[in-house]
Amino acid sequence: MRLAARLSRKVHEVKETVTDVLLAALARAKQKGELKLDAQPAVLLETPREKSHGDLATTLALTLAKPESKAPRKIAEIIIANIRDEAGIIEKAEIAGPGFINFFFKQDRWKQTLFEIDAEGAAYGLKNVGKGKKVLVEFVSANPTGPLHVGHGRGAAVGDALANLLSSTGFVVTREFYINDAGRQIRLLALSVYSRYQQALGNAVPFPEDGYHGAYVEEIAQGFTKLHGDRYLRVPFDDCLDIFGDYGKEMMLADIRTDLDSFGVRFDVWFSEASLLKDGSVRRSLDELLESRNCYEQDGALWLRSTTFGDDKDRVVIKKDKSYTYLATDIAYHRNKLGRGFESLVNIWGADHHGYIPRVQAVIQAFGHGKDALHVVLVQLVAILRHGQPVPMSKRAGTFVTLRDVIQDVGSDAARFIFLTRRSDSHLDFDLDVAKEQSRENPVYYVQYAHARLASLMREAESRGIAVPGKDGVNIALLDLEEEQNIIKALAKYPEVIEDAALAYEPHRLTFYLQDLAGLLHNYYFKHRVITEDTARTGAKLFLMKQVKTVIQSALAILGVNAPEKM
RNA sequence: GCGCCCAUAGCUCAGCUGGAUAGAGCAACGGACUACGAAUCCGUAGGCCAGAGGUUCGAAUCCUCUUGGGCGCACCA
């Protein structure tokens with residue numbers, strides 16, 4: 001029964017199988033008294049960089065050297081002597097270097113990968129590591145006081161790809177946009193629109209010093225005029241703040257939605273900060289924290305006792321003047337998130353907010369959840385380059401590059417891919433000219449071209465009346481070229497890449513994987529012809545190419561990038 | 001002053017929970033189109049992993065310090 005279970009394991013679970021084999025070998029050695037094994041060692045397996053080091057290697061003998069007080073190579077010998085490969089996947093195991101044990105698999109084992117991809121299609125490689133766990137991914141969350149800029153674009157690309165990645169690996173994901181529609185910024189937007197409105201109608205009021213200077217404010221004022229005429233001309237600002245604020249906010253939100261839509265990003269929930277104030281949940285949250293003594297009053301203000309949970313100092317949530325700080329609404333917001341049954345909260349934030357993390361983690365803990373229920377992904381700023389020169393950006397001067405500009409300039413695919421070509425917390429130089437270039441220098445085209453090439457190949461085969469064989473009609477043993485082996489191994493690695501990327505919250509790993517896979521494909525494709533006189537071999541190669549196409553396509557889908565059939 | 005992040009080829013960056021000879025791309029130089037898409041491929045060159053200690057069988061990776069960058073340290077949002 002157990003043997004059957006092991007045999008039925010998929011190729012990408014070969015690691016687990018070898019782990020079992022090793023654990024069994026250790027148990028046997030212990031039984032025979034060859035090893036003491038006072039503590040169960042962790043069995044770590046990794047894919048060696050160097051091909052001559054086999055398909056999988058373990059450092060088990062090295063880590064056991066000390067507790068066993070034996071030479072590592074001697075321990076390796078003992079382990080190998082006790083290996084019983086019931087699943088029959090190991091061709092040989094050899095000792096190398098200081099005591100590595102290198103496993104070489106039977107060729108057939110790798111080739112099973114191709115049958116798996118063929119059978120599972122887009123679902124190949126998607127392990128259920130999430131097990132239905134509910135995750136909330138909150139991202140972009142821009143103030144509705146201006147258009148989205150490139151920084152938001154990066155956050156959108158990272159957040160959306162991460163959400164795709166998580167839902168592909170068995171998490172139940174909700175995408176949420178937190179609308180910062182309470183407080184000063186909205187008031188400032190209202191005042192800015194109000195001023196432009198008055199000015200447009202000939203009432204020369206001064207424009208607020210710290211107002212929003214962008215041209216979009218004038219457009220909003222124009223729209224407002226169309227709707228309301230001169231009804232609010234010479235009405236004091238304080239008497240019409242809300243109507244200007246609401247109108248401006250709605251217009252900006254509509255704008256933001258449009259941009260995100262053309263970027264291929266959709267949210268499940270648009271959550272209003274103002275609603276937390278309106279429905280009293282801020283008040284209730286704070287009462288609850290007072291009750292649990294995580295809040296206290298001092299010097300006429302209300303404080304969160306965040307130091308209990310590792311913050312540097314306690315934080316004010318209600319100021320002396322009785323108004324709330326930003327943290328107050330954030331407390332209510334995160335309480336709300338937890339109350340909706342999410343077991344894991346992922347927040348995508350600009351890196352400049354990193355100092356805020358301990359505070360919010362304290363909030364999570366004050367509500368009785370583990371610190372790790374919240375995971376913050378930091379996204380660094382983006383510098384836009386044109387002709388290799390940085391484009392100066394200033395929010396005050398209104399000269400920042402908007403996401404819309406970038407999408408129009410280089411396209412959504414290129415923008416998304418490039419945003420994901422770096423770890424999110426590392427600084428990114430986005431060169432608009434490179435992003436438009438159609439060459440190796442531009443990783444998007446490099447990968448998309450690989451897919452288009454394969455699509456073209458399939459068309460070519462079809463036009464010649466050659467069908468891609470099914471699993472019963474293909475002789476996979478004919479895939480004996482070194483380049484073919486390399487490609488197959490890369491395909492076999494895909495499930496691990498997906499899983500690791502999801503668990504580390506690092507979608508960029510997928511872009512690197514894709515570039516590697518595309519590189520292998522281009523290399524192979526250049527050196528060898530797929531369609532030849534040899535029909536059996538042609539069939540096997542086409543079968544392989546089909547699987548490569550599937551994997552490229554599904555990885556690109558996770559990144560939110562198109563896989564074109566033609567370019 | 002305190003805290004967080006970072007420092008890897010000329011440039012931009014990978015390097016998975018420490019592992020075997022540190023990898024890509026660009027730029028430079030030299031090659032490959034009568035063949036399924038040359039938006040491609042191959043080769044050459046390029047490194048004291050910022051510096052100094054420490055931990056251990058083994059360090060780019062972990063710890064400490066130094067130097068040099070970025071960011072945060074509000075009863076702002």
Side-chain angles (χ1 to χ4, degrees), chain A residues 42 44 46-50 52-53 57-59 61-63 65-66 71-72 96-100 102 143 145 180 182-186 188 273 299-303 312-313 315-327 329-330 350-358 378 380-381 385 388 421-423 425-429 431 434 437-446 448-450 452-461 463-464 466 496-497 500-501 503-504 506 508-509 511-512 515-516 518-519 521-532 538 541-542 545 566-567:
Chain A
L44 292 180
E46 60 177 19
T47 311
R49 256 197 304 271
E50 186 63 40
S52 62
H53 295 150
T58 183
T59 55
L62 291 167
T63 54
K66 198 164 203 182
F100 295 99
N102 295 335
N143 292 342
T145 52
N180 294 118
R184 227 183 105 244
Q185 328 87 300
I186 292 292
L188 207 53
E273 180 189 4
D299 305 331
L302 187 72
W303 299 70
D312 294 338
K313 53 196 236 181
R315 307 290 172 172
V316 170
V317 289
I318 301 179
K319 297 180 249 177
K320 254 183 202 155
D321 66 4
K322 299 303 163 208
S323 65
Y324 293 118
T325 64
Y326 185 76
L327 182 60
T329 44
D330 249 353
D352 53 339
H353 288 75
H354 68 81
Y356 204 72
I357 296 174
L378 294 177
Q380 264 293 356
L381 297 178
L385 305 181
T421 52
R422 302 266 183 284
R423 278 207 345 245
D425 62 347
S426 102
H427 176 90
L428 172 68
D429 285 331
D431 192 316
V434 171
E437 208 165 300
Q438 304 187 343
S439 70
R440 171 94 217 209
E441 203 175 332
N442 187 343
V444 197
Y445 287 101
Y446 188 72
Q448 286 187 322
Y449 180 53
R453 254 187 155 173
L454 291 173
S456 169
L457 174 68
M458 296 302 161
R459 284 192 298 271
E460 176 69 19
S463 77
R464 295 196 204 178
I466 304 165
E496 204 179 311
V497 173
D500 290 350
L503 294 178
E506 292 185 350
H508 79 276
R509 294 191 192 191
T511 61
F512 284 94
Q515 292 181 75
D516 285 346
L521 187 271
H522 286 311
N523 170 290
Y524 171 67
Y525 199 80
F526 194 85
K527 284 187 191 163
H528 306 284
R529 284 189 66 74
V530 172
I531 300 169
T532 61
T538 298
K541 285 171 189 256
L542 280 173
M545 292 299 102
K566 281 182 185 171
M567 291 172 69

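We name chains A, B, ... by the order of the sequence lines, and we start the count at 1 in each one.
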Using whole Å, what does the distance between atom [atom2] of nucleotide [N] and atom [atom1] of [X] come to?
X: Leu454(A); N: U40(B); atom1: CG; atom2: P; result: 14 Å
X: His528(A); N: A32(B); atom1: NE2; atom2: P; result: 20 Å
X: Gln515(A); N: C13(B); atom1: CD; atom2: C1'; result: 10 Å
X: Leu385(A); N: A27(B); atom1: CG; atom2: C1'; result: 15 Å
X: Leu378(A); N: G72(B); atom1: CG; atom2: C1'; result: 11 Å
X: Gln448(A); N: G37(B); atom1: CD; atom2: C1'; result: 15 Å
X: Tyr446(A); N: A38(B); atom1: OH; atom2: P; result: 13 Å

### Task
Establish, with yes or no, whether the OP1 or OP2 oxygen of U40(B) is under 4.0 angstrom from a side-chain nitrogen or oxygen of Asn523(A).
no
### Query
Does Arg453(A) have a side-chain nitrogen or oxygen under 4.0 Å from the phosphate oxygens OP1 or OP2 of A38(B)?
yes
Can you check nucleotides 74-77 of chain B for protein contacts, nitrogen or oxygen pairs under 3.5 Å, and list what you find?
residue, atom, partner, partner atom, Å
A74(B), O5', Lys313(A), NZ, 3.3
C75(B), O2, Lys320(A), N, 2.6
C76(B), OP2, Lys319(A), NZ, 2.3
A77(B), OP2, Tyr326(A), N, 3.1
A77(B), O3', Gln185(A), OE1, 2.9
A77(B), O3', Gln185(A), NE2, 3.0
A77(B), O2', Gln185(A), NE2, 2.8

Nucleotide nearest [X] (side chain, heavy atoms from C-beta), chosen from [options]:
X: Ala96(A); options: A20(B), G37(B), A38(B); result: A20(B)
X: Leu62(A); options: G19(B), C71(B), C41(B); result: G19(B)
X: Tyr445(A); options: U12(B), A32(B), A39(B); result: A39(B)
X: Thr63(A); options: A20(B), G37(B), G19(B); result: G19(B)
X: His354(A); options: G3(B), C36(B), A20(B); result: G3(B)

### Message
Can a side-chain donor-acceptor contact be found between Thr329(A) and Glu273(A) if the only test is distance below 3.5 angstrom?
### Response
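The answer is yes; a qualifying pair exists.
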### Query
For A60(B), which nucleotide is its Watson-Crick or G-U wobble mate, given both distances must be under 3.5 Å?
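A60(B) is paired with nothing.
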#### Entry: Distance between C1' atoms of U12(B) and G54(B) (Å, rounded)
33 Å
#### Entry: C16(B) versus G70(B) - spacing of their P atoms, nearest Å
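The answer is 27 Å between these two P atoms.
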Protein-nucleotides 14-18 of chain B N/O pairs closer than 3.5 Å?
residue, atom, partner, partner atom, Å
A14(B), OP1, Arg423(A), N, 3.1
A14(B), OP1, Ser426(A), OG, 3.4

#### Entry: Exam field: side chain Asn442(A) to backbone Val444(A), donor-acceptor pair closer than 3.5 Å
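Checked: pair present.
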### Query
By centroid distance (under 5.5 Å) and plane angle (under 30°), are Phe100(A) and A20(B) in a stacked arrangement?
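Here Phe100(A) meets both the 5.5 Å and the 30° conditions.
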